[in-house]
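One-based numbering along the sequence shown.
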Amino acid sequence: MTYRELYEEGKGALAAAEIGEADLDARLLLEFVCGTDRNTLLVYGDREVTVEEETAYRALLAGRADRIPLQQLTGMQNFMGLDFCVNEHVLTPRQDTEILVEEVLRNLHDGMRVLDMCTGSGCILISLLHYSNNCTGVGADISAEALEVAKENAGRLLKKMSAELPAEIEFVQSDLFEHITGQFDVIVSNPPYIQTSVIDTLMPEVRDHEPRLALDGSEDGLLFYREIVGESSRYLKQGGMLFFEIGYNQGEAVSRLMEQAGFLEVQVIKDYGGLDRVVCGTRGFEMTV
């Protein structure tokens, strides 16, 4: 069987399973199996594939038809120009979250210390440290399995070819601030923010294959914002900044929480689709007598 014939078979199988962008997913899975790129289909479509490649490809097609996310099948997702390992224990990094990282980077200066709460794959913190100078950070998550993924990503992306974590990053298993010590110049978080009642209406790729811990934000979706805002002043330096990713309809509610807690210059930043995506604010300076 040729490369093009196998691709057409895959495209048809995914279309029959009603997978959106069946042609794209079929091509990406084939490239993953064969170690090729997008030009192969155009230039070398007549090349013969091996039996092993056919078998591996059809197995991945079956998984995708069963709504396993493409990124979990390949084990990789690109975020901020970096390739992050992902699996069923972490939320797959999304392009929308790049808005959050970009906003933090605009306010991140050399030597700052960053806390990434609910770090998951570590994509936010690792990206911040990768694109800044002499900054250090702590990634916190309640999931030990997620932290293993984050550590693997940090070791590979921040200090290649090393089994040890780079000195500038640390990961802590913690129920929010339970095991966090010290103070930070920046706290950033993409916490679970989907309302519990909405989760069952999500696409099967998300509902059935991404960790519920990373999705469920309680009945109103605001539980983690309340908890983090309420405790952040103990861990955020005066003049430090708190950044959140939010759902498209949560800008007003999260802004109010921060303002009520005394944060200054609270603002809502929209994503490229024009939807509210990030809320940030600054901890004020307390006067001493």
Side-chain angles (χ1 to χ4, degrees), residues 1-102 105 120-124 126-128 130-131 149-150 152-158 160-161 190 202-210 271-275 277:
M1 177 175 285
T2 68
Y3 189 91
R4 183 176 292 106
E5 288 171 341
L6 190 57
Y7 163 73
E8 292 294 338
E9 176 186 317
K11 183 172 70 171
L14 295 186
E18 300 182 345
I19 299 297
E21 298 187 316
D23 52 347
L24 176 61
D25 284 9
R27 178 174 63 79
L28 292 175
L29 287 174
L30 187 56
E31 290 168 2
F32 173 72
V33 167
C34 297
T36 52
D37 58 33
R38 62 184 305 168
N39 291 323
T40 304
L41 186 62
L42 298 174
V43 182
Y44 303 108
D46 293 332
R47 60 160 275 195
E48 292 291 322
V49 294
T50 67
V51 173
E52 291 77 14
E53 288 171 338
E54 284 187 43
T55 301
Y57 183 57
R58 290 179 179 133
L60 291 178
L61 289 174
R64 187 69 190 96
D66 200 34
R67 297 304 183 98
I68 297 175
L70 176 75
Q71 296 86 350
Q72 288 185 16
L73 292 169
T74 63
M76 198 69 65
Q77 169 70 357
N78 188 272
F79 179 83
M80 292 295 297
L82 304 171
D83 288 328
F84 286 86
C85 296
V86 296
N87 60 24
E88 70 276 11
H89 299 300
V90 298
L91 194 69
T92 299
R94 288 160 167 79
Q95 188 174 14
D96 288 338
T97 305
E98 293 186 354
I99 305 297
L100 175 63
V101 174
E102 290 166 0
L105 284 172
S121 67
C123 65
I124 293 172
I126 292 168
S127 297
L128 291 173
H130 179 84
Y131 291 112
V149 177
E152 178 182 353
N153 283 322
R156 184 170 50 83
L157 295 171
L158 294 180
K160 293 183 178 181
M161 307 303 293
N190 178 18
L202 299 175
M203 295 175 58
E205 285 87 345
V206 178
R207 181 191 67 218
D208 299 333
H209 297 285
E210 298 212 80
D271 60 24
Y272 296 125
L275 300 176
R277 184 57 57 189

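Distance alone, capped at 3.5 Å, is enough to place a donor-acceptor pair between the N153 side chain and the C85 backbone. Under a 3.5 Å cut-off, the side chain of D66 and the backbone N or O of I68 do not form any donor-acceptor pair. Put simply, the side chain of E210 gets close to the backbone of T92: a donor and an acceptor are under 3.5 Å apart. For Q72 (side chain) and H209 (main-chain N/O), a donor-acceptor pair under 3.5 Å exists by modelled atom type. In this structure, S127 contributes its side chain and C123 its backbone to a donor-acceptor pair below 3.5 Å.
Rounded to the nearest 0.5 angstrom, K11 NZ and L29 CG are separated by 14.5 Å. Taking OG of S121 as the start and CD of Q77 as the end, the distance is 9.5 Å to the nearest 0.5 Å. In this structure, CG on L70 lies 6.5 Å from CG on L73, to the nearest 0.5 angstrom. From D83, atom CG reaches atom CG of N78 across 5.0 Å, with rounding to the nearest 0.5 Å. How far CG of N87 is from CE of M76: 11.0 Å, rounded to the nearest 0.5 Å. Atom-to-atom distance recorded for Y131:OH and L82:CG is 4.0 Å, nearest 0.5 angstrom.
Atom CD of E48 has more than 12 neighbouring heavy atoms from other residues, nucleotides or ligands inside a 6.0 Å radius. Counting non-hydrogen atoms of neighbouring residues, nucleotides and ligands closer than 6.0 angstrom, the CD atom of E88 exceeds 12 such neighbours.
Between E54 and M1 the shortest side-chain heavy-atom distance falls below 4.5 Å.
Listed by chain and number, the residues in a side chain to side chain contact (heavy atoms under 4.5 Å, CB included) with E102 are M80, E98, I99, R106, Y272 (sequence neighbours excluded). Annotation: salt bridge (charged side-chain N to carboxylate O under 4.0 Å, His left out) contacts of D208 (sequence neighbours excluded): none. With sequence neighbours left out, A62 forms a side chain to side chain contact (heavy atoms under 4.5 Å, CB included) with no residue at all. Under the salt bridge (charged side-chain N to carboxylate O under 4.0 Å, His left out) criterion, E205 pairs with R64, R67, sequence neighbours left out. With sequence neighbours left out, R38 forms a side chain to side chain donor-acceptor pair (under 3.5 Å) with no residue at all. Remark: E53 pairs with R47 by the salt bridge (charged side-chain N to carboxylate O under 4.0 Å, His left out) rule, at least two apart or across chains.
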**Report entry** Candidate pair D46 and R4, rule side-chain contact (heavy atoms from CB on, under 4.5 Å), full reasoning
**Finding:** CA-CA 6 Å; D46 293 332; R4 183 176 292 106; 3.1 Å; yes
Query raised in the report: Are E52 and R58 close enough, and set up right, to give a salt bridge (charged side-chain N to carboxylate O under 4.0 Å, His left out), and what steps lead you there?
Result: CA-CA 10 Å; E52 291 77 14; R58 290 179 179 133; over 6 Å; no
Report task. Go through E31 and R27 one step at a time and tell me if the salt bridge (charged side-chain N to carboxylate O under 4.0 Å, His left out) criterion holds. Result -> CA-CA 6 Å; E31 290 168 2; R27 178 174 63 79; 2.7 Å; yes
**Report entry** Verdict with supporting geometry, H130 and L157, side-chain contact (heavy atoms from CB on, under 4.5 Å)
**Finding:** CA-CA 8 Å; H130 179 84; L157 295 171; 5.6 Å; no
Requested in this report: Run the numbers on T36 and Y3 for side-chain contact (heavy atoms from CB on, under 4.5 Å), then give the verdict.
Outcome: CA-CA 10 Å; T36 52; Y3 189 91; 2.6 Å; yes
**Report entry** side-chain contact (heavy atoms from CB on, under 4.5 Å) between L14 and L61, intermediate numbers included
**Finding:** CA-CA 7 Å; L14 295 186; L61 289 174; 3.9 Å; yes
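Heavy-atom minimum distance, A17 versus A65: CB-CB, 3.7 Å. Between P93 and F79 the shortest heavy-atom distance is CB-CD1, 3.7 Å. Of all heavy-atom pairs between A56 and V33, the closest is CB-CG1, 4.0 Å.
Defined by atom type and a distance below 3.5 Å, a donor-acceptor pair is missing between the side-chain atoms of Y7 and T2.
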